Amino acid sequence: MAKAKQKDDQQLIRIFDTTLRDGEQAPGNSMNIEEKLRIAKQLQKMNVDVIEAGFPIASDGDFEAVKLVAQTIKGPQIAGLCRSSEKDIDRAWDALKYAGEKGRIHTFIATSDIHMKYKLQMEPAKVLAAAVKAVKRAASYTPNVEFSCEDAVRTRLPFLAEVVEAVIAAGATTVNIPDTVGYTIPFEYFDIIKYLKDNVPNIDQAIISVHCHNDLGLSVANSISAVMAGARQVECTINGIGERAGNCSLEEFVMTLRTRHDILPFTTAVDTTQLTPASRLLSNITGIMVQPNKAIVGANAFAHEAGIHQHGVLMEKSTYEIMTPESVGLSANALVLGKHSGRHAFKKRLAELGHELDDEKLDRAFERFKTLADLKKEVFDEDLDAIVIDETREDVKYKLGHITVTCGSFAVATATVQLEINGTPVRTAELGDGPVDATLKAIKKLTKTKAKLMQYNVGSITGGTDALGEVTVRVAEGSHTVVGKGSSTDIIEASAKAYIHALNRLNYKQTRMPESL
Ligand code: KIV
Ligand code: ZN
């Protein structure tokens, strides 16, 4: 019995989610503190092992978010990233200490020749000494210390082994071997992990972690290869978001282990039915949708179009389905609520979709649902997601009041828009090249924004002419890019909401996250 348990532990792959840190670093993915907490709660529900909540020294906003997640989340460990400097480590622990023994300090330094020479401008011996010093400092706060050799894949192997051995001796309990630039390929990565297992005498005293970027589209394959060589923690993100081409996608990695358990005898503790709610929640918060053919969580991942496929699936699902939609939390019964549904059913369905709302927000969302249910016969999960995201935004500088638009084939489009700016009502009218242009121009004038509208997309959340229209905009100013989303059965109103959402997010970013590391 004890032996079986030991074997299970040896085959258990810890899931370290870095959606809120590496994921959030990517353009357009920034989240405010309340949004980060919502994602963290969903990760808790999904039962990941570690949540990397941010980079506390990067900004006051990041610090506060890590602290709040450390104070609130129960179950998963909470990690905070820091460079190998005393100031970074002390700041990280100040935020993480609220998680007690579940707080993990994650410190790193680059070890490849190219990074040491050009970025750090440090000799290898100095880098080694800084790594050891950092780990000792972190270990003085907590025994839960992770050390990452940034750009490990392009590091000379004997030096990599030397650093890994030294940081384990200094107190690191997890050592991460990242493919920072998404450069490796599966068999090469296997050999790197194997080399460390064979050449680092104290390697068994730490868990080997891997962290793969997706620049060549190989991050999931590389992570699996590393696990086969002995890695027991995989760092990943929901929807694979992250720097440049992103990180290893959590849902793809977890479902690969589950679906191919016949030849990959590893397990994770993840509740896979929470994968789809997590993916949707993240997309709704950031405004960045996954491509329709994305594995596991794309809109078409379980859609069978070709007649021959449909026929096969009707006869026997496993002809074309290697996993069930239910196993990833995709509801077989997409239609959920109608105008006779009560508040209780509404609340229950929202919770299943990953939205835990306090009473005040629930009231607002329920009121909006009732209005929508009156307009539309059928209300789908996607409609509910959109309503909740629209109705639960907080700390907003700009609020939409009213819009009146006149337009037509012979009329010059005119929009009169009323907003509240920090609680004060303001109003103006603008002409435009169509009603959307006129509306956005009026908002631009009232907010005096200098931000550039980079992208404007309109789509419908579900089918039918009564569907909720959904508008996504991307705006940029200086080094900040944000995405805004709005939904309404009226496309002009959805456009105004999306633009205002983006301007609020930009304002949050400019005031709370001025620096970018
Ligand atoms: O990609 C990387 O190397 C990282 C480390 C800081 C873990 O994100
Ligand atoms: Zn990374």
Side-chain angles (χ1 to χ4, degrees), residues 14-27 29-30 48-58 62 66 77-85 88-89 91-92 96 104-116 118-120 127 130-131 134-135 138 144-155 159-160 163-164 167 172-184 189 192-193 196 206-220 222-223 226 231-250 253 516-517:
R14 285 119 190 122
I15 296 297
F16 175 113
D17 180 277
T18 183
T19 305
L20 297 177
R21 198 278 297 169
D22 210 323
E24 209 245 355
Q25 272 169 229
N29 280 312
S30 66
V48 302
D49 299 280
V50 187
I51 297 173
E52 186 163 54
F55 196 162
I57 205 158
D62 244 29
V66 176
Q77 298 178 36
I78 310 300
L81 186 67
C82 45
R83 291 167 297 192
S84 288
S85 83
D88 273 44
I89 294 164
R91 185 80 173 141
L96 291 165
R104 174 182 294 194
I105 298 180
H106 178 192
T107 183
F108 74 100
I109 195 164
T111 50
S112 64
D113 284 345
I114 187 166
H115 276 234
M116 290 191 292
Y118 295 105
K119 187 180 81 172
L120 299 175
V127 168
V135 169
N144 194 350
V145 178
E146 172 165 340
F147 178 80
S148 286
C149 306
E150 193 189 8
D151 204 18
V153 152
R154 295 190 296 171
T155 298
F159 184 58
L160 187 63
V163 175
V164 168
V167 295
T173 42
T174 302
V175 279
N176 186 29
I177 311 300
D179 181 12
T180 303
V181 289
Y183 181 68
T184 198
Y189 206 33
I192 294 172
I193 304 300
L196 294 175
I207 287 178
I208 302 178
S209 172
V210 289
H211 172 114
C212 295
H213 280 268
N214 202 33
D215 298 65
L216 293 173
L218 291 170
S219 56
V220 175
N222 286 333
S223 303
R232 288 295 176 267
Q233 174 179 284
V234 169
E235 306 197 356
C236 41
T237 58
I238 301 171
N239 295 343
I241 66 168
E243 282 280 1
R244 306 181 308 280
N247 287 69
C248 171
S249 140
L250 185 154
F253 176 77
S516 113
L517 284 177

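Order of listing sets the numbers, starting from 1, for every ligand and every atom in it. Keep in mind it's a predicted model, so treat the numbers as computed, not measured.
Contact between F55 and D62 at its shortest, heavy atoms only, is N-OD2, 2.9 Å. Residues P178 and E150 come closest through the heavy atom pair CG-CA, 4.3 Å.
When distances to the Zn ion (ligand 2) are checked against a cut-off of 2.8 Å, E235 contributes no N, O or S atom below that limit.
Within the 4.0 Å heavy-atom cutoff, R21 counts among the residues contacting ligand 1.
Using modelled atom types and a 3.5 Å distance limit, the side chains of E146 and T174 yield no donor-acceptor pair.
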Practice task
Kindly determine whether L81 and F108 satisfy side chain to side chain contact (heavy atoms under 4.5 Å, CB included), including the steps that lead there.
Solution key: CA-CA 8 Å; L81 186 67; F108 74 100; 3.6 Å; yes
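Ion pair R21/E235 not flagged as a salt bridge, since none of the NZ, NE, NH1 or NH2 atoms sits closer than 4.0 Å to an Asp/Glu carboxylate oxygen. A salt bridge does not link D88 to R91: none of the charged side-chain nitrogens sits closer than 4.0 Å to a carboxylate oxygen.
Counting the atoms of ligand 1 from 1 in the order shown, those under 4.0 Å from a heavy atom of E150 are 3 (O). Remark: ligand 1 atoms within the under-4.0 Å shell around heavy atoms of T180 are 1 (O), 2 (C), 3 (O). Residue H213 has at least one heavy-atom neighbour below 4.0 Å for each of these atoms of ligand 1: 1 (O). Distances below 4.0 Å separate heavy atoms of D22 from the following atoms of ligand 1: 8 (O). Ligand 1 places these atoms under 4.0 Å from at least one heavy atom of N176: 7 (C). Residue P178 approaches ligand 1 through these ligand atoms, each under 4.0 Å from one of its heavy atoms: 3 (O).
Remark: side-chain polar atoms of S249 are not paired, donor with acceptor, to backbone N or O of N239 under 3.5 angstrom.
Annotation: atom 4 (C) of ligand 1 to nearest protein heavy atom, H211 NE2, 3.5 Å.
Between the Zn ion (ligand 2) and the N, O or S atoms of D22, the shortest distance is to OD2.
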